[in-house]
Asker: 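My questions will all concern the structure given below.
For ligands, and for the atoms within them, numbers begin at 1 and follow the listed sequence. Predicted, not measured: the structure shown is a model, and the values here were computed from it.
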Amino acid sequence: MAAIKIGNRDVLVVVDIQNDFCPGGSLSVPRGHEVVPVINRLAKHFPHVVLTQDWHPPDHLSFASAHPGKKPYEIISVDYGRQILWPDHCVQATRGAEFHKDLHVPHAALVLRKGIHRAIDSYSTFYENDRKTPTGLVGYLRERGFARVFLAGLAFDFCVRYSAEDAKREGFEVVVIEDACRGIDVDGSMDAARKSLAELGVARTGSEAFA
Ligand code: VGL
Ligand code: ZN
């Protein structure tokens with residue numbers, strides 16, 4: 001694969017490298033921790049990095065525990081459509097919400113927190129699941145003059161996927177760094193993510209392209 005040259009209009013968005021998404025966490029992504037060294041290496045190639053954090057209040061509507069009688073991974077209907085119910089995860093200011101201890105990206109300029117509204121889940125780091133409520137990240141990236149968004153992190157089939165799609169729709173060039181992601185894979189979500197990203201023209205690469 002041809003080497004990718006990174007410049008000042010490029011930004012790396014590192015998605016949700018948090019304890020709860022790693023083995024031992026409450027919503028652990030299989031082998032999620034394996035992306036940590038890959039991302040640490042990758043980030044050295046990028047002068048501009050943003051970290052995101054899933055950051056829910058304790059009674060968040062995406063938690064099965066907030067719906068008596070419901071279990072994790074059941075689907076319910078909410079104001080904005082279908083919502084998968086998750087185990088409690090990434091509760092604000094808890095250990096599960098902290099970044100993995102080995103994540104080392106000291107030059108990251110922004111930590112963007114999402115999923116902060118009790119009644120709206122947020123997979124995308126740009127728009128919450130009602131598809132209307134912005135996180136502010138589009139404005140930040142535009143004001144900083146970025147044109148190309150590289151994405152890495154957890155989970156490929158949720159947060160990375162929806163973030164890539166929104167970035168593309170907002171007119172950024174988007175590249176997903178595949179070996180720097182891992183997925184949850186519920187109900188065919190990995191295949192659905194790959195298909196949707198291909199249809200939208202989101203580019204994919206491997207971390208070796210930055211060597
Ligand atoms: C995520 C499920 C629930 C993610 C966040 O970051 O991919 N997935 N909350
Ligand atoms: Zn969440």
Asker: If only atom types and distance count, is the side chain of S163 paired as donor or acceptor with the main-chain N or O of C159 below 3.5 Å?
Answerer: yes
Asker: Counting distance only, does the side-chain N/O of N40 pair as donor-acceptor with the main-chain N or O of H104 below 3.5 Å?
Answerer: yes
Asker: Taking the side chain from Q83 and the backbone from I76, do they hold a donor-acceptor pair closer than 3.5 Å?
Answerer: no
Asker: Are the side chain of T94 and the backbone of V91 linked by a donor-acceptor contact shorter than 3.5 Å?
Answerer: yes
Asker: Please tell me if the side chains of F210 and I177 come closer than 4.5 Å, counting only heavy atoms from C-beta onward.
Answerer: yes
Asker: How would you list all residue pairs meeting ring-ring contact (aromatic ring centres under 6.0 Å, His included) that involve residues 173-192, not counting sequence neighbours?
Answerer: none
Asker: How many protein atoms of type N/O/S are positioned less than 2.8 Å from the Zn ion (ligand 2)?
Answerer: 3
Asker: Is the F21 to H100 ring centre distance short of 6.0 Å?
Answerer: no
Asker: With sequence neighbours excluded, give me every ring-ring contact (aromatic ring centres under 6.0 Å, His included) pair touching residues 151-191.
Answerer: W86-F158, Y123-F158, Y123-Y162
Asker: Counting N and O atoms only, with roles assigned by atom type, does the side chain of T52 sit under 3.5 Å from a partner on the main chain of T125, one being a donor and the other an acceptor?
Answerer: no
Asker: Check ligand 1 for N or O atoms under 3.5 Å from a protein N or O and list each pair with its distance.
Answerer:
unit_1: ligand 1; atom_1: 6 (O); unit_2: D16; atom_2: OD2; d: 2.6
unit_1: ligand 1; atom_1: 7 (O); unit_2: A155; atom_2: N; d: 3.2
unit_1: ligand 1; atom_1: 7 (O); unit_2: C159; atom_2: N; d: 3.0
unit_1: ligand 1; atom_1: 9 (N); unit_2: D54; atom_2: OD2; d: 3.1
unit_1: ligand 1; atom_1: 9 (N); unit_2: H89; atom_2: NE2; d: 3.1

